[in-house]
Amino acid sequence: MDDPDSAARDDAGHNNHALLRELTAPQCDAVQHVDGPMLILAGPGSGKTRVVTHRIAYLLSQGIPDWQIAALTFTNKAADEMRLRLDKLAPGQNVWMGTFHRFCAQLLRRYASMVGLQENYSIYDTSDSKQAMKRAIEAAGVSTTHASPDQIAGVISKAKNKLVTPEVMQGQMLSPKETVAAKVYPVYQRQLLTANAVDFDDLLLHVANLLRHNPELRGELDQRFRYILVDEYQDTNLAQYAIVRALSIDHPNLSVTGDPDQSIYGWRGADLNNILDFEKDYPAVKTVRLEQNYRSTPNVLRVADQLIRHNRRRKQKDLFTDNDEGEPVILRWYENGYEEADSIADEIVAAIASDRARPNDFAIFCRMNSLTRSLEHALRGRGVPYQIVNGVEFYQRKEIKDVLAYLHLVNNPGHDVALSRVINTPTRGIGAKTVQRLQEFADRHNVPMLEAARRAEEIESLAKRSVTMVQKFVAIYDRIAARATAPLEELMRFVVQESQYDKYLEKTSDESDDSSPLGNVDELISAAVDFDRRHPDDGSLEAFLEQVALVSDTDAFEENDQRVTLMTLHASKGLEFPRVFIVGVEDDLLPHKRSKEDDAQFEEERRLLFVGITRAKEWLQLSCCKRRMIRGDTRPVIPSPFLNELPLEEMKRIESAVERNFFDSHIDQSGSGDWDLPAIQIGDDAQADVSFDFGANQDVNQDINQDDGFEPSDEPSRQTKESTAAFEAVADEPAAATSASDSIPDIGKLKTAADLMSAKRPPLSAFREGTTVRHFDYGEGTILAVSGLGPKRMARVRFADGEHNFRLAFAKLEVVG
DNA sequence: CATAGCGTGTTTCTC
DNA sequence: ACACGCTATG
């Protein structure tokens, strides 16, 4: 730190000293900054969260009351992490922490009436607003031949992020698409207001407007939130900027943290200028650069640095680290996507088998979600536990959305999207035509659709039979709504029963399909119960629905689970893993095809790879294929141009990925380079017609025979044997997770991957309703119910001293008998 | 009004 | 390949 004595300059000296003890000079500098704007440029792995949490603790130690501080993050997960860490430094403090959207949602609850809403307003999620958008397009009477609903929604969303109102938008010079969108925009907004609803963008927009048009309130809130900290500032959009700026006029104690090199959300309105120009906006700003990396090896860091240097629009940072050199970064190319997936899965199995790593040490990143499929398949086939962040999202499932829609309608009778969803679910003889007529009536009278349904008799165009059906639905609704204030669990069970949704699900779900909608509904109910327990004070329906709306499945990522993590590069931001694979580093994929038109997007793709690389702590492999199946057909592939920007001479380059120690332990170790490809090889026609220019002097076979890169020269022969053993052990029990075999594999001898994974626990299918199980802590119990699938499969078990829920894939449960 | 079968369009995804 | 949305049919 610049001034070693500064810590002692006040009474809280002791306290401060403890806070500052383990920090570097620039970190101390940032932590001790109290008043005035501050910009923290924090490279990857530079202890950013640490600095932010320590600074908050420091502010508190200076006597600043907790309620004057607000920390805004980009994701819930980041907020949770921060809260956890602050709690260790300053237990029991009540600093506001959360996402921008949650922050705005809460302000809006209070000041709803000032923007024309009621306090029980609903938050439309993406699919809700898409539905609403379609209706608005219809009502606006515009043609969708030149702009799809999605495109229109995109234009409007961008406009909102830039604080452009419908009136302003219509006055602008517009492209044909934007012209269409500009016509829909005011209609859409009016319908939202009628429905007493907002979309995600509105949360920010309304608050920004609120602050802009109500100087008195703005001043009040500026006073209230005197210290504002913003994380991931490079990903903020104009609306978010306007909000924090408005709250930092009288008390400009705004401190933002970010890294322009990690800005990867430009495509959805994030404005890199917010961070690049921060110093212009606040001339008195204190800028702190955190350039020391605590996460990665120099090998990883050099690769990342070389890459990102190729970007023009950036602030140069000099990343450095004191960490050990580590292993060289691997650049590997495979014949095709299957080989890539199989090889990676094999390596993971081998590493786990020989105790060099555990499943949760590994992460596999890719550009597109669809690329996780083959990896998923390969991992599952070997019994490796994995989690996909952002696979099929729980809250997006039909049955979940249906049940939630009933609840939404109870909470906000204006929720037209919810009404449209449930009015005929289960089917009640209310068809599309009837719904449309209700809609028209609602639009004409500017009332919610439920109101239209109540007045069904007034709608002449409605058949008598339809009127009766609609009235029946209204009656069902009223019975449910009468219980609005009951505990969540009771309410939800009543909904499912009263609406006959339970019967509907039983009837619809076929046995062959292994998804279990009813189980998912159960899981939703237990989520509600959980919420009730955790928020006994504000455990209202409204709070639960808000929570659900503002929570994403990315937040469900659990780093402590013993599982390999699969995710997109975007989702990887903010995380770190000991061992990282980045797959599909290929032209048109990693610089994505659609990003090549302009420089800004191209640079964003480079940042995306940079983010991925810098997640790795000790080991990293980038890979690409010679051919890859995309949308059904296999095509030759050109390696990513980014690969040529890396320090290839210091990386370890490996061609072909056949795990010879796995399949062909008989092959000699001389490395003739002439591969006898085992049966697993798919569609190989050896001579690739694509040239791979990875720089000069590549000696691709040289490295292959030594090891697989986890630990150089560590008794390769033993590893080979164990790997094989692991493979066989797994192969003997294929797809253990889904096997019908109820026998518990012999766990006495094997100390392998199979031990860690499949062999250790019975197949999930062994756990059924009524099964007697034993738990290490709770003793014997009986399974009451099972729900969910794969790694998410849950069981509710009754023990002597109460009931517990378990994730079957990981719980320490044994089948008794 | 419900459903099966066809045609279309596919990045990234937070809240 | 696959999922989703629309349309023709029962």
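Sequence lines set the chain letters: A, B, ... in the order given, protein chains first and strands last, and positions in each chain run from 1.
- In this structure, A/Ile423 atom CD1 and B/dC1 atom C1' are separated by 14 Å, rounded to whole Å.
- Side chain A/Thr126 to base B/dC15: a donor-acceptor pair is found below 3.5 Å.
- Residues that satisfy the ring-ring contact (aromatic ring centres under 6.0 Å, His included) test with A/Phe642, not counting sequence neighbours, are A/Phe602.
- Between A/Asn424 and B/dA2, a side-chain N or O to OP1/OP2 separation shorter than 4.0 Å is present.
- Protein atom OH of A/Tyr265 is 6 Å distant from nucleotide atom C1' of B/dT14, rounded to whole Å.
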Per-pair distances, 0.1 Å, donor-acceptor, side chain in residues 370-378 of chain A, under 3.5 Å, sequence neighbours excluded:
residue	atom	partner	partner atom	Å
A/Thr372	OG1	A/Asn369	O	2.7
A/Glu376	OE2	A/Tyr386	OH	3.4

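- One atom, CZ of A/Phe200, and another, C1' of B/dC15, lie 5 Å apart when rounded to the nearest Å.
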Check the interface with nucleotides 7-11 of chain B: list each N/O to N/O pair with the protein under 3.5 Å, or write none.
residue	atom	partner	partner atom	Å
B/dT11	O4'	A/His592	NE2	3.1
B/dT11	O2	A/Arg367	NH1	3.2
B/dT11	O2	A/Arg367	NH2	2.7

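- Across the protein-nucleic acid pair, A/Lys596 atom NZ and B/dT12 atom C1' stand 16 Å apart, rounded to whole Å.
- Place A/Glu604 and A/Phe100 on DNA chain B by their nearest nucleotides, and A/Glu604 ends up nearer the 5' end.
- Atom pair A/Met469:CE and B/dC1:P shows a separation of 8 Å (rounding to whole Å applied).
- If you check the side chains of A/Ser148 and A/Asp150, you find no donor sitting under 3.5 Å from an acceptor.
- Contacts of A/Leu608 with the nucleic acid, taken as non-hydrogen atoms under 4.0 Å apart, are absent.
- At whole-Å resolution of the value, CG in A/Asp150 and P in C/dC4 are 13 Å apart.
- The distance between atom CG of A/Leu371 and atom C1' of B/dC13, rounded to the nearest whole Å, is 16 Å.
- For A/Thr427, the listed nucleotide lying nearest its side chain is B/dA2; candidates were B/dA2, B/dC13, B/dC15.
- When the ring-ring contact (aromatic ring centres under 6.0 Å, His included) test is applied to A/His408, the partners found at least two apart in sequence or on another chain are A/His415.
- B/dC1 atom P lies 16 Å from atom OH of A/Tyr504, rounded to whole Å.
- Side-chain N/O atoms of A/Thr236 and A/Asn274 include a donor and acceptor closer than 3.5 Å.
- Residues that satisfy the ring-ring contact (aromatic ring centres under 6.0 Å, His included) test with A/Tyr233, not counting sequence neighbours, are A/Phe278.
- With sequence neighbours excluded, the residues that form a side chain to side chain contact (heavy atoms under 4.5 Å, CB included) with A/Ala452 are A/Leu438, A/Phe441, A/Ala442.
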